[in-house]
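Structure, as structure tokens:
Letters A, B, ... mirror the listed sequences (proteins, then strands); counts begin at 1. Quick caveat, the model's predicted, so the values are computed rather than measured.
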Number of protein chains: 2
Amino acid sequence: MKKTGIRDVAKASGVSISTVSRAFTRPDLVSEKTRRKILKTADSLDFNISRSATALKSGQTYRVALLMNEEITSWFNTQVFAGIDSVMHKAGYDVDLFEHIDTAKNRSDFFTTLPVRCNVDAVFVASFAVDPHEAKRLRRIHVPIVGINTPTTANSDASISIDDEQGMYVATRHLIELGRHNLAYACSDPVTSINSSIDARTTGFVRACREAATTRDLDWRIVSVPRGKAFADSALEALLTLEDFPDGICCQIDMMAIPLMIKLAGRGHTCPRDYSLVGFDDSPYADTVNLTTMRQDPYLMGMKAASKALSLINGHAPDHAHETVTPELILRGSDAPRETTDAIQTDARPTQANIITG
Amino acid sequence: MKKTGIRDVAKASGVSISTVSRAFTRPDLVSEKTRRKILKTADSLDFNISRSATALKSGQTYRVALLMNEEITSWFNTQVFAGIDSVMHKAGYDVDLFEHIDTAKNRSDFFTTLPVRCNVDAVFVASFAVDPHEAKRLRRIHVPIVGINTPTTANSDASISIDDEQGMYVATRHLIELGRHNLAYACSDPVTSINSSIDARTTGFVRACREAATTRDLDWRIVSVPRGKAFADSALEALLTLEDFPDGICCQIDMMAIPLMIKLAGRGHTCPRDYSLVGFDDSPYADTVNLTTMRQDPYLMGMKAASKALSLINGHAPDHAHETVTPELILRGSDAPRETTDAIQTDARPTQANIITG
DNA sequence: TTGAAAGCGCTACCAG
DNA sequence: CTGGTAGCGCTTTCAA
């Protein structure tokens, strides 16, 4: 059984294929009556315009690539993807995912093979640096590059990035202003091959500490642990090993802060009673555990990146090609001034519920 | 500046376009030498085969659709998507996401518009029931349908589902065997328009309770709360409202269990001292909070669903068209026999870490 | 407002 | 092993 094609519809509605085509893509050029008949016939024949043919004819691919370090399943990457997809999908584009452009091998595979060339209308790069040589290679395929949290603005046509350095600076300042004077920064070892934007957070921490240390007593240290499933446990042990347990901890990401908060409590260090804790991301469960954190909105960043890409594809320069957003300090319950010793309050709200008893 | 096409490459390497084409797609049909020259030329010209043209020619679309209730950003949906994408992407397919096929409106928009018809080679349906009428409509477009956690097997050509009913039955039995006799099941109100597979878990809980209640004293109840951001808080309040606080709580999902565990502790109910708790999913932080839970692996389910789809697309029936997987009880620390009153132990492992002091 | 026809870039059949 | 060529389904210009 052959699939219905545009000419079947044309025949069945007694018009030419040009008219059928127009009925779908330029409704205004077809008389109301004809158009209605065509649409009805098409529907009953289960016909739809072929995207491949349209794409081929148009010279566009209606496809974009999203390059990510690590997996899509991390909170940040999922949000970015969902944000991009929400606008690109609506605009008629598919988004092709390329994960793990992080190891030297995958990276070189990708950039020498360049599977995307001639097959995408734009490429998004999330959370890592494209090196100039790679950028040039990408650029040669005449496709706009838009960066999301790329460490530099240099190798893309547009970008949107969170100010990681400043964000962690603010978080650290917050702890310092609370009177904390023995700080630790818990983070994962940087991936040397990738220059992830997240590493700028360390710089922010260090800057705040150095600055404060000039005018008052301040101890601080960086606790950097190997990546991997047990990274939070590693940090936990490392912190417990310190001769003086810190009275303030900044975490590179909430996924570090949350396990730390929970497990430190099990080891006798309760926050904010014994120390103040601040995270970064405002990712899932940050509110549940009442974590004070720097909020960023990667979904929105994805959407904005997609808009920029769309502009670029259509030949206009985007309004703000390179945009920086500032994360916001969300004050919850994991931080407290030096004196306070309150336990964390979980916020309880009124509720409605069905109770079914057996 | 015109884009390089297959004929530029043909000309530049002194062969015909057929040969160029074959060099890419049927390397074995081209002499080693010729092929190498072509590939080199193509590379230097930044040429690549056009997927749109290939698709058009082949009659396939090299695109599949993934229909989801709710957002892709939930843990389950992300995992499924990532699993599907990992195999489909490798096989040369794009996956198109259609989120929120859950409200009556979105649903009818989708199924009357059917934006996918003629434009995908397969459709995946995740976590909700396609009704027979919709299935027929989908089927008419001659595209295999593969279900993931669909409540029934009837409206798909292949499927892979977790046994939600049995899973929750096992979880509940576990609590009963521990000697718990006052059980609560915490869940979200079902979405009436959607018949999500997750609702079968309730049935499993009820079955275990009814069964046990015939031979011994057992109180049980279902605490069902409205969906939405505050669902765990609603459940919390509802539980605290009960005249006798339960000594065993089953949660529909870990995202219910985890906040409950944390917030109940803040309200004086510590698990497993005061009650036993079991979740469902083994999603992020379940291990961190030491939650006993039923594990499922949606990433793997996605991969398997994708393999089935690939078989179907290529005309072979998949090995097991309809597959059911059984979730696995992961014993951690949130459950205990009636007597025990130990506090939760977080597991601490040895570690290596760099300590950098400022 | 509609129709005829060229051609997007590729693949596959058929010849050589 | 290689080349010529028809045609996949659509859009678009040009004519009517």
Side-chain angles (χ1 to χ4, degrees), chain A residues 1-39 41-42 45-63 92 115-121 141-142, chain B residues 1-39 41-42 45-63 92 115-121 141-142:
Chain A
M1 176 198 276
K2 225 188 115 296
K3 241 179 50 186
T4 331
I6 197 171
R7 46 187 126 241
D8 303 297
V9 178
K11 205 172 308 164
S13 20
V15 296
S16 72
I17 57 170
S18 326
T19 306
V20 175
S21 172
R22 281 187 287 251
F24 279 92
T25 49
R26 264 154 187 47
D28 45 306
L29 299 185
V30 177
S31 80
E32 173 66 19
K33 203 178 60 189
T34 320
R35 202 187 65 211
R36 203 142 46 201
K37 183 169 49 182
I38 292 172
L39 260 23
T41 319
L45 260 38
D46 286 313
F47 168 81
N48 213 351
I49 295 288
S50 151
R51 291 185 46 194
S52 309
T54 305
L56 176 57
K57 184 62 189 170
S58 75
Q60 288 194 44
T61 64
Y62 289 100
R63 205 179 294 116
V116 299
R117 58 170 122 163
C118 306
N119 279 305
V120 297
D121 298 328
I141 65 182
H142 305 299
Chain B
M1 177 199 275
K2 226 187 116 296
K3 243 181 44 189
T4 333
I6 197 170
R7 47 188 125 239
D8 302 298
V9 179
K11 204 172 310 163
S13 20
V15 296
S16 72
I17 58 171
S18 325
T19 305
V20 176
S21 173
R22 280 187 288 252
F24 279 93
T25 50
R26 262 151 189 48
D28 46 306
L29 299 186
V30 178
S31 80
E32 173 66 19
K33 204 179 57 187
T34 321
R35 202 186 67 210
R36 203 144 44 203
K37 183 169 48 179
I38 292 172
L39 261 22
T41 320
L45 259 39
D46 287 313
F47 168 81
N48 212 351
I49 295 289
S50 151
R51 290 184 48 195
S52 309
T54 305
L56 176 57
K57 181 66 188 168
S58 74
Q60 288 193 43
T61 64
Y62 288 101
R63 205 179 292 115
V116 299
R117 57 170 124 164
C118 307
N119 278 306
V120 297
D121 297 329
I141 66 181
H142 306 300

Reading DNA chain D from 5' onward, which residue's closest nucleotide shows up sooner: Arg35(B) or Gly59(B)?
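On the 5' side of the pair lies Arg35(B).
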
With each end axis built from five pairs of C1' atoms, what bend angle do you get for the helix from dT1(C)-dA16(D) to dG16(C)-dC1(D)? Round to 10°.
30°

Its contact letters, B for base, S for sugar-phosphate only and - for none at protein heavy atoms under 4.0 Å, make nucleotides 11-16 of chain D read BBB---

So does Leu45(B) get a backbone contact from the side chain of Thr4(B), meaning a donor-acceptor N/O pair under 3.5 Å?
yes

Check: Cys118(A) main-chain N/O paired with Asn48(B) side-chain donor or acceptor under 3.5 Å
no

Whole angstroms only, please: what is the CD-C1' distance between Gln60(B) and dG9(D)?
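Value for this atom pair: 16 Å.
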
Please name all residues satisfying side-chain contact (heavy atoms from CB on, under 4.5 Å) with [X], sequence neighbours left out, ordered by chain then number.
X: Ile141(A); result: Leu114(A), Val116(A), Arg117(A), Leu138(A), Val143(A), Asp46(B)
X: Thr54(B); result: Ile49(B)
X: Ile6(A); result: Ile17(A), Val20(A), Ser21(A), Phe47(A)

Lys37(B) side chain reached by Thr41(B) side chain, heavy atoms, under 4.5 Å
yes

Only counting residues at least two apart or in another chain, list the ones meeting side-chain hydrogen bond (donor to acceptor under 3.5 Å, both in side chains) with Thr34(B).
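Here the qualifying residues are Ser31(B).
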
Does dG3(C) have OP1 or OP2 under 4.0 Å away from a side-chain N or O of Ser16(A)?
yes

